[in-house]
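Have a look at the structure below, then the notes.
FYI, the numbering just counts along the sequence from 1.
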Amino acid sequence: MRPGPAEATNRWRGRALPESEGREELVTLTREHHGPHYRFCCFCYSSVTESTMKSKRKTDHLERTANNFRQEVISPAKVCGITNESETVKRLRLAVTNKDFTFKAGQWVDFFIPEVAVVGGFSICSSPGLLEQEGVLELAVKHTVHPPAHWIHTQCSLDSEVALRVGGNFFFDPQPADSPVNLVLIAGGVGINPLFSILLHVADFHRNQESEENGYKMGTVKLYYSAKNTNELLFKNNIFGLMNEFPGKITCSFHVTQPSSQICEELQPYITEGRISEKELEKHVSKDTLWYICGPPPMIESISKLLENFGVPTDCIYFEKWW
């Protein structure tokens with residue numbers, strides 16, 4: 001087993017963050033919950049010039065995450081697998097040999113490419129257990145004109161060498177003595193990535209419960225996953241496999257908002273046309289439930305407000321915005 005980070009005992013409080021170079025623009029808002037193993041952050045971006053800080057647009061990854069936790073270590077990695085997760089998303093498998101490299105389910109990596117000046121930022125979509133057992137992690141990256149994503153889709157190949165640094169305040173990392181909780185994971189589009197990592201981590205807890213008497217006792221997990229059409233629902237086969245392996249413990253509801261064709265018979269029992277409804281979410285409200293949300297900012301803001309109206313305490317709602 002790979003050792004956990006030395007910082008885990010103090011939850012990284014009071015650590016100085018590394019200075020990032022090439023900063024262009026950022027307004028970042030973060031908020032930490034003081035529970036034992038849950039955090040969230042929200043990013044609000046504004047273009048910054050000498051004359052204005054008003055117009056909103058996408059900013060540099062290092063800028064918009066400047067106030068987030070980052071590990072100090074930057075580790076070399078080698079691409080050992082590339083598959084097409086969808087028409088627009090490539091799934092990378094990266095081998096990491098540095099034994100000090102660890103992450104928590106839900107975190108992201110700074111992605112350094114030798115020939116690309118811009119540093120990428122991609123959520124990890126695999127479980128910490130896969131890294132511990134096989135020394136690899138996975139990313140699912142959508143094709144955009146952003147230089148790191150463009151490189152992954154046009155130039156990256158097997159044995160390409162990159163470097164990674166783990167960061168992020170959005171994760172699920174329960175300890176053995178913590179009380180069991182149920183999770184509701186709500187994903188929009190490629191916001192599934194960190195939540196899929198959490199889902200896989202939950203599956204590992206369920207697998208280990210029978211063999212580890214003193215391990216963490218995991219509750220149930222419900223995933224709500226919304227995308228424009230079925231082609232954009234990532235990890236479908238993996239999620240179906242988890243549902244079949246852990247019936248009643250892991251369940252999922254897929255939603256498509258702009259179906260482009262007839263939904264195939266195999267998917268029909270799991271697919272709902274239209275957005276995630278208030279009624280669906282309200283039935284999961286309880287004092288033992290935590291809510292993790294990742295997707296477009298309007299979706300996050302709408303669902304967060306809805307949950308608060310249901311009486312869900314704000315310290316039980318965790319979200320991350322990437323845009």
Tell me whether Gln268 contacts the main-chain N or O of Ile263 through its side chain, where contact means a donor paired with an acceptor under 3.5 Å.
yes
Between CG on residue Leu200 and CD1 on residue Ile124, distance to nearest 0.5 Å
12.0 Å
With a 6.0 Å cut-off (strictly less than), is the heavy-atom count around NE2 of His150, excluding the residue itself, greater than 12?
no
Minimal heavy-atom distance between Ser197 and Ser126, with the atoms involved, is OG-O, 2.7 Å
Shortest non-hydrogen contact from Asn98 toward Ser75
ND2-OG, 2.9 Å
Quick one: list whatever passes side-chain contact (heavy atoms from CB on, under 4.5 Å) with His284, sequence neighbours left out.
Val184, Lys222, Tyr224, Trp291
Closest non-hydrogen contact found for Pro148 with Val116 is N-CG1, 4.4 Å
Are side-chain N/O atoms of Thr65 and Arg70 paired as donor and acceptor at under 3.5 Å?
yes
With no hydrogens and no angle check, is any side-chain donor or acceptor of Ser160 less than 3.5 Å from a backbone partner on Ser157?
yes
side-chain hydrogen bond (donor to acceptor under 3.5 Å, both in side chains) between Thr220 and Asn182, worked out
CA-CA 5 Å; Thr220 62; Asn182 300 319; 3.2 Å; yes
Treating Asn193 as the side-chain partner and Leu139 as the backbone partner, does any N or O pair qualify as donor plus acceptor under 3.5 Å?
no
Decide whether Phe246 and Ile239 are clustered together by the hydrophobic rule: side chain heavy atoms of Ile, Leu, Val, Met, Phe, Trp, Tyr closer than 4.5 Å, transitively.
yes
Specify the closest pair of heavy atoms between Leu242 and Arg207, including all atoms of both residues, with the distance to one decimal.
CD2-NH2, 3.8 Å
Just so I know, are the side chains of Glu138 and Glu85 near enough to count as touching, which here means a heavy-atom distance under 4.5 Å?
no
Below 3.5 Å, can you tabulate the donor-acceptor pairs from side chains in residues 271-278 to any protein atom, sequence neighbours excluded?
from   : atom 1 : to     : atom 2 : distance (Å)
Ser277 : OG     : Glu280 : N      : 3.1
Ser277 : OG     : Glu280 : OE1    : 3.2

What class does the angle between the rings of Tyr292 and Phe172 fall in, given that below 30° is parallel, 30 to 60° is tilted and above 60° is perpendicular?
perpendicular
Checking Phe205 now: which residues fulfil ring pair (Phe, Tyr, Trp, His ring centres under 6.0 Å) with it, not counting sequence neighbours?
His201, Tyr216
For the CD atom on Glu87, are there more than 12 heavy atoms of other groups (residues, nucleotides or ligands in this structure) within a distance under 6.0 Å?
no
Would you indicate whether the side-chain heavy atoms of Leu234 and Tyr225 approach each other to under 4.5 Å?
yes
Side-chain heavy atoms of Ser123 within contact of Phe170, under 4.5 Å
no
Over all atoms of both residues, closest heavy-atom pair of Ala140 and Phe235
CB-CZ, 3.8 Å
Could you tell me whether the side chain of Phe196 reaches within less than 4.5 Å of the side chain of Asn238, counting heavy atoms only?
yes
Heavy-atom distance under 4.5 Å between the side chains of Asp288 and Val181, does that happen here?
no
For the backbone of Lys217 and the side chain of His206, can you confirm whether one donor and one acceptor N or O come within less than 3.5 Å of each other?
no
Partner residues of Glu301 under the salt bridge (charged side-chain N to carboxylate O under 4.0 Å, His left out) criterion, sequence neighbours left out:
Lys321
Looking at side-chain heavy atoms only, is the closest gap between Val166 and Val73 below 4.5 Å?
no
Pro313 meets the side-chain contact (heavy atoms from CB on, under 4.5 Å) criterion, sequence neighbours left out, with Asp315, Cys316
Counting distance only, does the side-chain N/O of Glu134 pair as donor-acceptor with the main-chain N or O of Glu132 below 3.5 Å?
no
So do the side chains of Phe103 and Val109 get within less than 4.5 Å of each other, counting heavy atoms only?
no
Can you tell me how far SG of Cys294 sits from CD1 of Ile300, rounded to the nearest 0.5 angstrom?
5.5 Å
Has Glu308 got a side-chain atom pairing as donor or acceptor with Ile317's backbone, closer than 3.5 angstrom?
no
State, yes or no, whether a side-chain contact exists between Ile293 and Ser304 at a heavy-atom distance under 4.5 Å.
yes
Does His255 have any ring pair (Phe, Tyr, Trp, His ring centres under 6.0 Å) partners at least two apart in sequence or in another chain, and if so, which?
none
